[in-house]
Amino acid sequence: MRQKGHIFDGFVILVFLLSVSTITKATEGKDGFKQCEHIVKQWASSSLDLEVKNDKHVLQNLLFFLHVPRTGGRTYFHCFLKKLYASSLECPRSYDKLRIDPRKPKCRLLVTHDDYSMMNKLHKDETSVVTILRNPIDRVFSAYEFSVEVAARFLVHPNLTSATKMSGRLRSKNTISTLDIWPWKYLVPWMREDLFARREAREQNGHSVVTSTNPYDTKEMVMPLHEYINNPIARDIIHNGATFQVAGLTNNSYLTEAHDIRHCVLKYESLGDYVLKVAKKRLDDMLYVGLTENHKESATMFANVVGTQAISQFTGSTSHGDHTAKNSSEQGSSLLESDFDTTYHHSNSSYQKPNQISAADQGEARKENMTAGKLMDAYESCISNLRKTQSERRVNSLKKIDPANFTKEGRRQVSEALLQEITSLNHLDVELYKYAQTIFANQHKRMLVNKVITNQLDSGFDDSYRAFSWEAICIAVSVVFVALFAVLFVTAKRRTSKLKL
(Lines give C-alpha, C1' and ligand atoms only; values in the text may rest on other atoms or scores of the structure.)
Protein backbone atom coordinates (compact mmCIF):
# COMPACT_ATOMS: atom_id res chain seq x y z
CA MET A 1 0.00 0.00 0.00
CA ARG A 2 2.83 2.35 0.85
CA GLN A 3 4.42 1.70 -2.52
CA LYS A 4 1.18 2.54 -4.29
CA GLY A 5 0.91 5.72 -2.25
CA HIS A 6 4.41 6.79 -3.25
CA ILE A 7 3.64 6.14 -6.92
CA PHE A 8 0.45 8.16 -6.65
CA ASP A 9 2.30 11.04 -4.94
CA GLY A 10 4.97 11.00 -7.64
CA PHE A 11 2.32 11.06 -10.31
CA VAL A 12 0.61 14.06 -8.68
CA ILE A 13 3.92 15.92 -8.43
CA LEU A 14 4.71 15.18 -12.09
CA VAL A 15 1.31 16.46 -13.21
CA PHE A 16 1.79 19.56 -11.08
CA LEU A 17 5.23 20.28 -12.57
CA LEU A 18 3.96 19.81 -16.12
CA SER A 19 1.05 22.15 -15.41
CA VAL A 20 3.37 24.80 -13.99
CA SER A 21 5.71 24.42 -16.98
CA THR A 22 2.83 24.79 -19.45
CA ILE A 23 1.44 27.86 -17.66
CA THR A 24 4.94 29.41 -17.49
CA LYS A 25 5.56 28.86 -21.20
CA ALA A 26 2.15 30.28 -22.07
CA THR A 27 2.83 33.33 -19.91
CA GLU A 28 6.32 33.76 -21.40
CA GLY A 29 4.88 33.37 -24.89
CA LYS A 30 2.23 35.99 -24.23
CA ASP A 31 4.71 38.38 -22.65
CA GLY A 32 7.21 37.69 -25.44
CA PHE A 33 4.68 38.60 -28.10
CA LYS A 34 3.71 41.79 -26.28
CA GLN A 35 7.34 42.79 -25.94
CA CYS A 36 8.01 42.07 -29.62
CA GLU A 37 4.87 43.89 -30.68
CA HIS A 38 6.00 46.97 -28.72
CA ILE A 39 9.47 46.91 -30.32
CA VAL A 40 8.15 46.51 -33.87
CA LYS A 41 5.31 49.03 -33.51
CA GLN A 42 7.62 51.65 -32.04
CA TRP A 43 10.06 51.29 -34.95
CA ALA A 44 7.27 51.29 -37.54
CA SER A 45 5.67 54.40 -36.05
CA SER A 46 8.91 56.37 -36.09
CA SER A 47 9.66 55.21 -39.65
CA LEU A 48 6.23 56.17 -41.00
CA ASP A 49 6.49 59.62 -39.43
CA LEU A 50 9.46 60.51 -41.64
CA GLU A 51 8.24 62.74 -44.48
CA VAL A 52 9.84 63.42 -47.84
CA LYS A 53 10.00 67.20 -48.04
CA ASN A 54 11.05 67.58 -51.66
CA ASP A 55 9.13 66.57 -54.78
CA LYS A 56 9.77 62.84 -55.11
CA HIS A 57 9.55 63.12 -58.91
CA VAL A 58 12.61 65.40 -59.07
CA LEU A 59 16.12 63.89 -59.06
CA GLN A 60 18.05 65.25 -56.09
CA ASN A 61 21.80 65.81 -55.66
CA LEU A 62 22.53 62.19 -54.70
CA LEU A 63 21.05 59.13 -56.41
CA PHE A 64 20.90 56.04 -54.16
CA PHE A 65 20.27 52.84 -56.14
CA LEU A 66 19.04 50.34 -53.54
CA HIS A 67 20.04 47.16 -55.35
CA VAL A 68 17.91 44.20 -54.29
CA PRO A 69 19.96 41.08 -55.21
CA ARG A 70 18.94 39.10 -58.31
CA THR A 71 16.72 41.78 -59.83
CA GLY A 72 18.95 42.82 -62.74
CA GLY A 73 20.36 45.86 -60.97
CA ARG A 74 23.91 45.11 -62.11
CA THR A 75 22.95 45.75 -65.72
CA TYR A 76 21.40 49.09 -64.74
CA PHE A 77 24.63 50.05 -63.00
CA HIS A 78 26.92 49.12 -65.89
CA CYS A 79 24.66 49.98 -68.81
CA PHE A 80 22.78 53.04 -67.51
CA LEU A 81 24.42 54.71 -64.55
CA LYS A 82 28.02 54.43 -65.70
CA LYS A 83 26.91 56.16 -68.91
CA LEU A 84 25.48 59.02 -66.87
CA TYR A 85 27.86 59.41 -63.96
CA ALA A 86 31.65 59.61 -64.22
CA SER A 87 33.60 57.32 -61.89
CA SER A 88 34.76 60.37 -59.95
CA LEU A 89 31.13 61.05 -58.96
CA GLU A 90 30.49 57.57 -57.52
CA CYS A 91 30.45 57.17 -53.75
CA PRO A 92 33.11 54.76 -52.46
CA ARG A 93 31.29 51.45 -52.52
CA SER A 94 31.91 47.88 -51.51
CA TYR A 95 28.41 46.53 -52.12
CA ASP A 96 28.46 46.00 -48.39
CA LYS A 97 28.79 48.53 -45.58
CA LEU A 98 30.66 51.57 -46.85
CA ARG A 99 34.16 51.95 -45.50
CA ILE A 100 34.11 55.70 -46.25
CA ASP A 101 31.43 58.21 -45.31
CA PRO A 102 29.46 58.90 -48.54
CA ARG A 103 28.89 62.53 -47.56
CA LYS A 104 32.04 63.65 -49.38
CA PRO A 105 31.61 66.76 -51.60
CA LYS A 106 31.57 65.07 -55.03
CA CYS A 107 29.56 61.97 -54.11
CA ARG A 108 26.59 61.89 -56.50
CA LEU A 109 25.87 58.18 -57.10
CA LEU A 110 25.58 55.33 -54.61
CA VAL A 111 24.84 51.81 -55.88
CA THR A 112 24.89 49.09 -53.24
CA HIS A 113 23.19 46.05 -51.70
CA ASP A 114 23.04 47.98 -48.43
CA ASP A 115 19.46 48.28 -47.21
CA TYR A 116 17.37 51.41 -46.66
CA SER A 117 19.03 52.04 -43.29
CA MET A 118 21.86 53.52 -45.38
CA MET A 119 19.70 56.65 -45.49
CA ASN A 120 20.83 57.32 -41.91
CA LYS A 121 24.27 58.12 -43.33
CA LEU A 122 22.93 60.36 -46.10
CA HIS A 123 21.26 63.75 -46.41
CA LYS A 124 17.66 62.53 -46.70
CA ASP A 125 16.31 65.74 -48.25
CA GLU A 126 18.98 65.68 -50.94
CA THR A 127 18.80 62.00 -51.85
CA SER A 128 16.60 60.26 -54.42
CA VAL A 129 16.15 56.50 -54.02
CA VAL A 130 15.44 54.07 -56.86
CA THR A 131 15.06 50.29 -56.82
CA ILE A 132 13.92 47.27 -58.85
CA LEU A 133 11.76 44.43 -57.53
CA ARG A 134 11.24 40.94 -58.90
CA ASN A 135 8.61 38.25 -58.64
CA PRO A 136 9.48 36.65 -55.26
CA ILE A 137 9.40 33.04 -56.51
CA ASP A 138 11.75 33.84 -59.39
CA ARG A 139 14.05 35.76 -57.05
CA VAL A 140 14.31 32.77 -54.68
CA PHE A 141 15.15 30.51 -57.62
CA SER A 142 17.76 32.98 -58.86
CA ALA A 143 19.34 33.40 -55.41
CA TYR A 144 19.60 29.61 -55.04
CA GLU A 145 21.08 29.20 -58.52
CA PHE A 146 23.59 32.02 -58.11
CA SER A 147 24.73 30.74 -54.69
CA VAL A 148 25.41 27.34 -56.24
CA GLU A 149 26.96 28.80 -59.41
CA VAL A 150 29.53 30.92 -57.55
CA ALA A 151 30.30 28.17 -55.03
CA ALA A 152 30.86 25.68 -57.87
CA ARG A 153 33.74 27.81 -59.21
CA PHE A 154 35.79 26.65 -56.21
CA LEU A 155 35.47 22.97 -57.17
CA VAL A 156 38.66 23.28 -59.24
CA HIS A 157 40.46 22.93 -55.89
CA PRO A 158 41.20 19.47 -54.47
CA ASN A 159 39.48 20.20 -51.16
CA LEU A 160 37.67 22.86 -49.12
CA THR A 161 40.81 23.88 -47.22
CA SER A 162 42.62 24.73 -50.44
CA ALA A 163 39.61 26.64 -51.79
CA THR A 164 39.26 28.65 -48.59
CA LYS A 165 42.96 29.57 -48.52
CA MET A 166 42.87 30.70 -52.15
CA SER A 167 39.81 32.90 -51.63
CA GLY A 168 41.49 34.40 -48.56
CA ARG A 169 44.58 35.31 -50.59
CA LEU A 170 42.47 36.91 -53.29
CA ARG A 171 40.49 39.00 -50.79
CA SER A 172 43.70 40.24 -49.13
CA LYS A 173 44.67 42.02 -52.37
CA ASN A 174 42.18 44.85 -51.75
CA THR A 175 39.93 43.71 -54.58
CA ILE A 176 36.18 43.36 -54.13
CA SER A 177 35.02 39.79 -54.65
CA THR A 178 31.60 38.19 -54.43
CA LEU A 179 32.60 36.94 -50.98
CA ASP A 180 32.77 40.57 -49.77
CA ILE A 181 29.25 41.38 -50.94
CA TRP A 182 26.08 40.97 -48.90
CA PRO A 183 24.29 38.53 -48.98
CA TRP A 184 26.70 36.35 -50.93
CA LYS A 185 29.35 36.59 -48.21
CA TYR A 186 26.98 34.39 -46.17
CA LEU A 187 25.34 32.29 -48.87
CA VAL A 188 28.33 31.32 -51.03
CA PRO A 189 30.58 29.93 -48.23
CA TRP A 190 27.60 27.96 -46.92
CA MET A 191 26.95 26.48 -50.36
CA ARG A 192 30.67 25.96 -51.07
CA GLU A 193 31.06 23.87 -47.93
CA ASP A 194 28.02 21.83 -48.90
CA LEU A 195 29.32 21.18 -52.45
CA PHE A 196 32.67 19.88 -51.17
CA ALA A 197 30.94 17.67 -48.59
CA ARG A 198 28.77 16.08 -51.28
CA ARG A 199 31.77 15.60 -53.58
CA GLU A 200 33.66 13.80 -50.81
CA ALA A 201 30.61 11.61 -50.15
CA ARG A 202 30.45 10.63 -53.84
CA GLU A 203 34.15 9.76 -53.84
CA GLN A 204 33.75 7.59 -50.76
CA ASN A 205 30.83 5.82 -52.39
CA GLY A 206 32.80 5.14 -55.54
CA HIS A 207 31.46 8.02 -57.70
CA SER A 208 27.85 6.88 -57.62
CA VAL A 209 25.82 7.78 -60.66
CA VAL A 210 23.30 10.59 -60.27
CA THR A 211 19.98 9.25 -61.44
CA SER A 212 17.72 12.28 -60.90
CA THR A 213 16.77 14.33 -63.97
CA ASN A 214 15.46 17.20 -61.85
CA PRO A 215 18.30 19.76 -61.54
CA TYR A 216 16.68 21.15 -58.39
CA ASP A 217 16.74 17.77 -56.65
CA THR A 218 20.11 16.20 -57.46
CA LYS A 219 21.04 15.61 -53.84
CA GLU A 220 24.22 13.66 -54.74
CA MET A 221 25.64 16.84 -56.35
CA VAL A 222 23.92 19.88 -54.83
CA MET A 223 21.76 20.77 -51.86
CA PRO A 224 18.19 20.27 -53.16
CA LEU A 225 16.02 23.36 -53.42
CA HIS A 226 13.58 22.12 -50.75
CA GLU A 227 16.44 21.79 -48.26
CA TYR A 228 17.81 25.19 -49.20
CA ILE A 229 14.59 27.12 -48.63
CA ASN A 230 14.00 25.52 -45.22
CA ASN A 231 17.48 26.14 -43.88
CA PRO A 232 17.70 28.79 -41.11
CA ILE A 233 20.21 30.78 -43.20
CA ALA A 234 17.74 31.06 -46.08
CA ARG A 235 14.92 31.96 -43.69
CA ASP A 236 17.03 34.75 -42.23
CA ILE A 237 18.42 36.19 -45.49
CA ILE A 238 16.50 35.03 -48.56
CA HIS A 239 12.83 34.87 -47.62
CA ASN A 240 11.05 38.24 -47.67
CA GLY A 241 14.47 39.68 -48.44
CA ALA A 242 13.14 42.51 -50.61
CA THR A 243 10.73 43.68 -47.90
CA PHE A 244 13.40 43.62 -45.19
CA GLN A 245 15.88 45.40 -47.47
CA VAL A 246 13.47 48.18 -48.46
CA ALA A 247 12.43 48.50 -44.82
CA GLY A 248 16.08 48.63 -43.73
CA LEU A 249 16.06 45.52 -41.55
CA THR A 250 18.47 43.02 -43.12
CA ASN A 251 21.23 41.38 -41.08
CA ASN A 252 23.45 43.99 -42.77
CA SER A 253 21.45 46.93 -41.37
CA TYR A 254 22.88 50.06 -39.78
CA LEU A 255 20.00 50.17 -37.28
CA THR A 256 21.00 48.89 -33.85
CA GLU A 257 17.48 47.56 -33.25
CA ALA A 258 17.26 45.79 -36.63
CA HIS A 259 18.24 42.36 -35.23
CA ASP A 260 15.58 42.44 -32.53
CA ILE A 261 12.88 43.61 -34.96
CA ARG A 262 13.75 40.96 -37.54
CA HIS A 263 13.89 38.27 -34.84
CA CYS A 264 10.44 39.27 -33.60
CA VAL A 265 8.95 39.25 -37.10
CA LEU A 266 10.44 35.84 -37.87
CA LYS A 267 9.06 34.50 -34.58
CA TYR A 268 5.62 36.12 -34.78
CA GLU A 269 4.44 36.20 -38.40
CA SER A 270 1.61 38.67 -37.78
CA LEU A 271 4.13 41.39 -36.88
CA GLY A 272 5.34 41.32 -40.47
CA ASP A 273 2.42 43.56 -41.42
CA TYR A 274 4.15 46.49 -39.70
CA VAL A 275 7.32 45.92 -41.71
CA LEU A 276 5.31 45.61 -44.91
CA LYS A 277 3.56 48.92 -44.24
CA VAL A 278 6.91 50.69 -43.81
CA ALA A 279 8.33 49.08 -46.97
CA LYS A 280 5.31 50.23 -48.99
CA LYS A 281 5.75 53.79 -47.68
CA ARG A 282 9.40 53.68 -48.73
CA LEU A 283 8.43 52.61 -52.26
CA ASP A 284 5.91 55.46 -52.42
CA ASP A 285 8.67 57.96 -51.66
CA MET A 286 11.07 56.68 -54.33
CA LEU A 287 11.88 58.43 -57.58
CA TYR A 288 11.58 55.21 -59.58
CA VAL A 289 10.44 51.62 -58.94
CA GLY A 290 11.18 49.11 -61.70
CA LEU A 291 10.10 45.51 -62.27
CA THR A 292 12.49 42.83 -63.49
CA GLU A 293 9.78 41.03 -65.44
CA ASN A 294 8.79 44.22 -67.34
CA HIS A 295 12.33 44.58 -68.63
CA LYS A 296 11.88 46.72 -71.73
CA GLU A 297 9.25 48.98 -70.20
CA SER A 298 11.25 49.37 -66.98
CA ALA A 299 14.42 50.28 -68.87
CA THR A 300 12.59 52.86 -70.98
CA MET A 301 11.04 54.35 -67.87
CA PHE A 302 14.42 54.49 -66.12
CA ALA A 303 15.99 56.25 -69.09
CA ASN A 304 13.24 58.86 -69.15
CA VAL A 305 12.58 59.32 -65.44
CA VAL A 306 16.14 59.09 -64.09
CA GLY A 307 18.31 59.40 -67.18
CA THR A 308 16.85 62.59 -68.60
CA GLN A 309 17.05 64.38 -65.27
CA ALA A 310 20.66 63.32 -64.71
CA ILE A 311 21.51 64.48 -68.23
CA SER A 312 19.78 67.77 -67.56
CA GLN A 313 21.75 68.32 -64.37
CA PHE A 314 25.04 67.88 -66.20
CA THR A 315 24.21 69.69 -69.45
CA GLY A 316 21.86 72.44 -68.20
CA SER A 317 19.77 72.01 -71.36
CA THR A 318 16.97 74.54 -71.96
CA SER A 319 15.96 73.26 -75.35
CA HIS A 320 12.27 73.33 -74.50
CA GLY A 321 12.22 76.91 -73.21
CA ASP A 322 10.65 78.27 -70.04
CA HIS A 323 7.67 75.91 -70.06
CA THR A 324 10.03 72.97 -69.56
CA ALA A 325 11.50 74.33 -66.35
CA LYS A 326 8.02 75.23 -65.12
CA ASN A 327 6.80 71.65 -65.49
CA SER A 328 10.04 69.85 -64.64
CA SER A 329 8.55 67.66 -61.93
CA GLU A 330 5.92 66.34 -64.31
CA GLN A 331 8.29 65.89 -67.24
CA GLY A 332 10.59 63.86 -65.02
CA SER A 333 8.20 60.99 -65.80
CA SER A 334 7.63 61.68 -69.48
CA LEU A 335 8.50 59.61 -72.50
CA LEU A 336 10.40 62.41 -74.19
CA GLU A 337 13.28 61.26 -76.35
CA SER A 338 15.24 64.44 -75.62
CA ASP A 339 16.61 65.96 -72.46
CA PHE A 340 14.86 68.66 -70.48
CA ASP A 341 15.63 71.19 -67.81
CA THR A 342 14.76 70.59 -64.18
CA THR A 343 14.33 73.17 -61.49
CA TYR A 344 16.72 72.89 -58.59
CA HIS A 345 15.61 74.08 -55.18
CA HIS A 346 17.93 72.82 -52.47
CA SER A 347 19.42 74.33 -49.37
CA ASN A 348 23.15 74.55 -48.76
CA SER A 349 24.81 71.15 -48.58
CA SER A 350 28.10 69.40 -49.02
CA TYR A 351 27.05 68.08 -52.44
CA GLN A 352 28.11 69.95 -55.54
CA LYS A 353 25.35 71.54 -57.56
CA PRO A 354 25.29 70.68 -61.30
CA ASN A 355 26.98 73.91 -62.34
CA GLN A 356 29.82 73.20 -59.90
CA ILE A 357 30.76 69.92 -61.56
CA SER A 358 33.70 70.15 -63.92
CA ALA A 359 33.46 68.92 -67.50
CA ALA A 360 35.92 66.15 -66.62
CA ASP A 361 33.44 64.79 -64.05
CA GLN A 362 30.40 64.81 -66.32
CA GLY A 363 31.04 61.47 -68.03
CA GLU A 364 29.52 60.34 -71.31
CA ALA A 365 26.34 62.37 -70.78
CA ARG A 366 28.30 65.55 -71.45
CA LYS A 367 30.83 64.25 -73.94
CA GLU A 368 28.31 62.56 -76.23
CA ASN A 369 25.45 65.07 -75.85
CA MET A 370 23.38 62.22 -74.44
CA THR A 371 19.58 62.02 -74.75
CA ALA A 372 17.11 59.43 -73.50
CA GLY A 373 17.03 57.85 -76.96
CA LYS A 374 20.83 57.59 -77.17
CA LEU A 375 20.91 56.25 -73.61
CA MET A 376 18.49 53.45 -74.51
CA ASP A 377 20.55 52.55 -77.60
CA ALA A 378 23.70 52.38 -75.48
CA TYR A 379 21.86 50.30 -72.88
CA GLU A 380 20.63 47.73 -75.41
CA SER A 381 24.12 47.28 -76.83
CA CYS A 382 25.71 47.08 -73.37
CA ILE A 383 23.23 44.61 -71.91
CA SER A 384 23.62 42.28 -74.88
CA ASN A 385 27.38 42.00 -74.29
CA LEU A 386 26.98 41.73 -70.54
CA ARG A 387 24.45 38.90 -70.79
CA LYS A 388 26.69 37.00 -73.19
CA THR A 389 29.60 37.17 -70.76
CA GLN A 390 27.44 36.17 -67.81
CA SER A 391 25.93 33.25 -69.72
CA GLU A 392 29.34 31.86 -70.68
CA ARG A 393 30.59 32.09 -67.12
CA ARG A 394 27.44 30.41 -65.80
CA VAL A 395 27.70 27.50 -68.25
CA ASN A 396 31.36 26.88 -67.38
CA SER A 397 30.58 26.95 -63.67
CA LEU A 398 27.58 24.61 -63.82
CA LYS A 399 29.53 22.04 -65.85
CA LYS A 400 31.30 21.17 -62.60
CA ILE A 401 28.03 19.99 -61.03
CA ASP A 402 26.31 18.45 -64.05
CA PRO A 403 23.45 17.38 -64.23
CA ALA A 404 22.40 20.26 -61.94
CA ASN A 405 22.06 22.49 -65.00
CA PHE A 406 19.60 25.20 -64.01
CA THR A 407 17.32 26.31 -66.82
CA LYS A 408 13.80 27.65 -67.30
CA GLU A 409 12.80 24.20 -68.50
CA GLY A 410 14.26 22.67 -65.36
CA ARG A 411 12.15 24.93 -63.17
CA ARG A 412 9.04 23.34 -64.64
CA GLN A 413 10.01 20.10 -62.91
CA VAL A 414 9.64 21.70 -59.49
CA SER A 415 6.45 20.51 -57.83
CA GLU A 416 3.48 22.77 -57.24
CA ALA A 417 3.67 21.99 -53.54
CA LEU A 418 7.23 23.34 -53.36
CA LEU A 419 6.24 26.47 -55.28
CA GLN A 420 3.41 27.04 -52.83
CA GLU A 421 5.83 26.61 -49.93
CA ILE A 422 8.16 29.24 -51.42
CA THR A 423 5.19 31.57 -51.85
CA SER A 424 4.13 31.07 -48.25
CA LEU A 425 7.66 31.66 -46.93
CA ASN A 426 7.78 34.91 -48.91
CA HIS A 427 4.29 36.24 -48.19
CA LEU A 428 5.58 39.73 -47.36
CA ASP A 429 7.54 39.94 -50.61
CA VAL A 430 4.49 38.74 -52.53
CA GLU A 431 2.41 41.61 -51.13
CA LEU A 432 5.19 44.15 -51.66
CA TYR A 433 5.61 43.03 -55.26
CA LYS A 434 1.89 43.48 -55.91
CA TYR A 435 2.15 46.97 -54.48
CA ALA A 436 5.18 47.70 -56.66
CA GLN A 437 3.19 46.60 -59.71
CA THR A 438 0.55 49.22 -58.85
CA ILE A 439 3.23 51.91 -58.48
CA PHE A 440 4.77 50.84 -61.77
CA ALA A 441 1.41 51.06 -63.56
CA ASN A 442 0.81 54.53 -62.12
CA GLN A 443 4.28 55.64 -63.24
CA HIS A 444 3.48 54.44 -66.72
CA LYS A 445 0.14 56.28 -66.83
CA ARG A 446 1.81 59.47 -65.62
CA MET A 447 4.41 59.14 -68.35
CA LEU A 448 1.76 58.79 -71.05
CA VAL A 449 -0.23 61.76 -69.75
CA ASN A 450 2.86 63.94 -69.53
CA LYS A 451 3.87 62.92 -73.02
CA VAL A 452 0.55 64.22 -74.36
CA ILE A 453 0.93 67.44 -72.35
CA THR A 454 4.48 67.94 -73.54
CA ASN A 455 3.52 67.33 -77.17
CA GLN A 456 0.70 69.88 -76.84
CA LEU A 457 3.07 72.42 -75.31
CA ASP A 458 5.61 71.84 -78.06
CA SER A 459 2.86 72.06 -80.70
CA GLY A 460 1.59 75.31 -79.19
CA PHE A 461 5.11 76.68 -79.15
CA ASP A 462 5.59 75.77 -82.83
CA ASP A 463 2.25 77.40 -83.78
CA SER A 464 3.18 80.56 -81.89
CA TYR A 465 6.55 80.56 -83.58
CA ARG A 466 4.98 80.17 -87.03
CA ALA A 467 2.47 82.95 -86.32
CA PHE A 468 5.28 85.16 -85.08
CA SER A 469 7.31 84.40 -88.21
CA TRP A 470 4.45 85.47 -90.54
CA GLU A 471 3.91 88.66 -88.54
CA ALA A 472 7.61 89.45 -88.74
CA ILE A 473 7.63 88.89 -92.50
CA CYS A 474 4.60 91.14 -93.02
CA ILE A 475 6.11 93.92 -90.91
CA ALA A 476 9.44 93.62 -92.72
CA VAL A 477 7.78 93.83 -96.13
CA SER A 478 5.77 96.87 -95.00
CA VAL A 479 8.91 98.58 -93.75
CA VAL A 480 10.67 97.89 -97.05
CA PHE A 481 7.74 99.36 -99.02
CA VAL A 482 7.62 102.49 -96.83
CA ALA A 483 11.37 102.98 -97.15
CA LEU A 484 11.21 102.50 -100.92
CA PHE A 485 8.30 104.99 -101.19
CA ALA A 486 10.26 107.53 -99.12
CA VAL A 487 13.32 107.18 -101.37
CA LEU A 488 11.23 107.64 -104.52
CA PHE A 489 9.46 110.64 -103.00
CA VAL A 490 12.72 112.38 -102.08
CA THR A 491 14.23 111.64 -105.49
CA ALA A 492 11.18 113.06 -107.33
CA LYS A 493 11.22 116.22 -105.15
CA ARG A 494 14.87 116.87 -106.01
CA ARG A 495 14.18 116.58 -109.73
CA THR A 496 11.29 119.05 -109.44
CA SER A 497 13.53 121.55 -107.62
CA LYS A 498 16.18 121.36 -110.39
CA LEU A 499 13.56 122.05 -113.16
CA LYS A 500 12.32 125.24 -111.35
CA LEU A 501 15.86 126.61 -111.28
Going by atom types only, do Gln42 and Tyr274 share a side-chain donor-acceptor pair under 3.5 Å?
no

Any carboxylate oxygen within less than 4.0 angstrom of a Lys/Arg side-chain nitrogen, looking at Glu149 and Arg393?
no

What one should report as the nearest heavy-atom pair of Met286 and Val246 is CE-CG1, 4.2 Å

Tell me, do Leu66 and Phe64 make a side-chain contact under 4.5 Å, heavy atoms counted?
yes

Given Leu84, which partner from the list Leu89, Leu109, Ile311, Leu63 fulfils the side chain to side chain contact (heavy atoms under 4.5 Å, CB included) test?
Ile311

Is it the case that the side chains of Tyr254 and Asp115 hold a donor-acceptor pair, with the cut-off being a distance below 3.5 Å and no angle test?
no

Do you know which two heavy atoms are closest between Tyr76 and Ala299, and how far apart they sit?
OH-N, 3.3 Å

Are Ser142 and Arg70 close enough that a side-chain donor and a side-chain acceptor fall under 3.5 Å?
yes

Would you give the length of the straight line joining atom OH of Tyr433 to atom CG of Leu133, rounded to the nearest 0.5 angstrom?
8.0 Å

If the threshold is 4.0 Å, N to carboxylate O, is there a salt bridge linking Asp180 and Lys185?
no

Are Gln309 and Gln313 linked by a side-chain donor-acceptor pair shorter than 3.5 Å?
no

A side-chain contact here means heavy atoms from C-beta on lying under 4.5 Å apart; do Arg134 and Leu291 qualify?
no

With a 6.0 Å cut-off on the ring centroids, do Phe406 and Tyr216 count as close?
yes

CD of Glu269: more than 12 outside heavy atoms within 6.0 angstrom?
no

May I ask you to check whether over 12 heavy atoms, not counting those of His38, lie within 6.0 Å of atom NE2?
no

Evaluate the ring planes of Tyr228 and Tyr144, with Trp represented by its six-membered ring, and classify them as parallel (under 30°), tilted (30 to 60°) or perpendicular (over 60°).
perpendicular

Do Glu227 and Pro224 come within less than 4.5 Å of each other through their side chains, counting heavy atoms only?
yes

Measuring from Asp194:CG to Met221:CE, what's the distance to the nearest 0.5 Å?
11.5 Å

Could Arg411 and Asp138 be called an ion pair, given the rule that one side-chain N must be under 4.0 Å from one carboxylate O?
yes

Heavy-atom side-chain proximity of Asn294 to Phe440 below 4.5 angstrom
yes

Leu418 side, atom CG; Ile137 side, atom CD1 - distance, nearest 0.5 Å
9.5 Å

Side-chain heavy-atom pair Met376, Phe80 within 4.5 angstrom cut-off:
yes

Taking Glu431 first and then Lys434, would you say they form a salt bridge - that is, a charged N and a carboxylate O separated by under 4.0 Å?
yes

How about Phe65 and Phe77: are their ring centroids closer than 6.0 Å?
no

Answer yes if the side chains of Asn230 and Glu421 hold a donor-acceptor pair under 3.5 Å, and no otherwise.
yes

Give me the atom names and distance for the closest heavy-atom approach of Asn135 to Glu293.
N-OE2, 3.1 Å

Testing the basics here: between Val222 and Ala404, what is the closest heavy-atom pair and its distance to 0.1 Å?
CG2-CB, 3.8 Å

Within a strict 4.5 Å, meaning less than it, do heavy atoms of the Val68 and Ile132 side chains meet?
no

With a 4.5 Å limit on heavy-atom distance, are the side chains of Leu276 and Lys280 in contact?
yes

Kindly indicate whether the side chain of His113, heavy atoms from C-beta on, has any atom under 4.5 Å from the side chain of Thr250.
no

Give a yes or no on whether a salt bridge exists between Arg387 and Glu392, defined as a side-chain N under 4.0 angstrom from a carboxylate O.
no

Search all heavy atoms of Asn369 against all heavy atoms of Lys374 and return the closest pair with its distance.
O-NZ, 3.5 Å

Would you call the rings of Tyr268 and Phe33 parallel, tilted or perpendicular, taking 30° and 60° as the class edges?
perpendicular

Taking all non-hydrogen atoms of both residues, which atom of Thr127 and which atom of Leu122 are closest, and how far apart?
OG1-CB, 3.9 Å

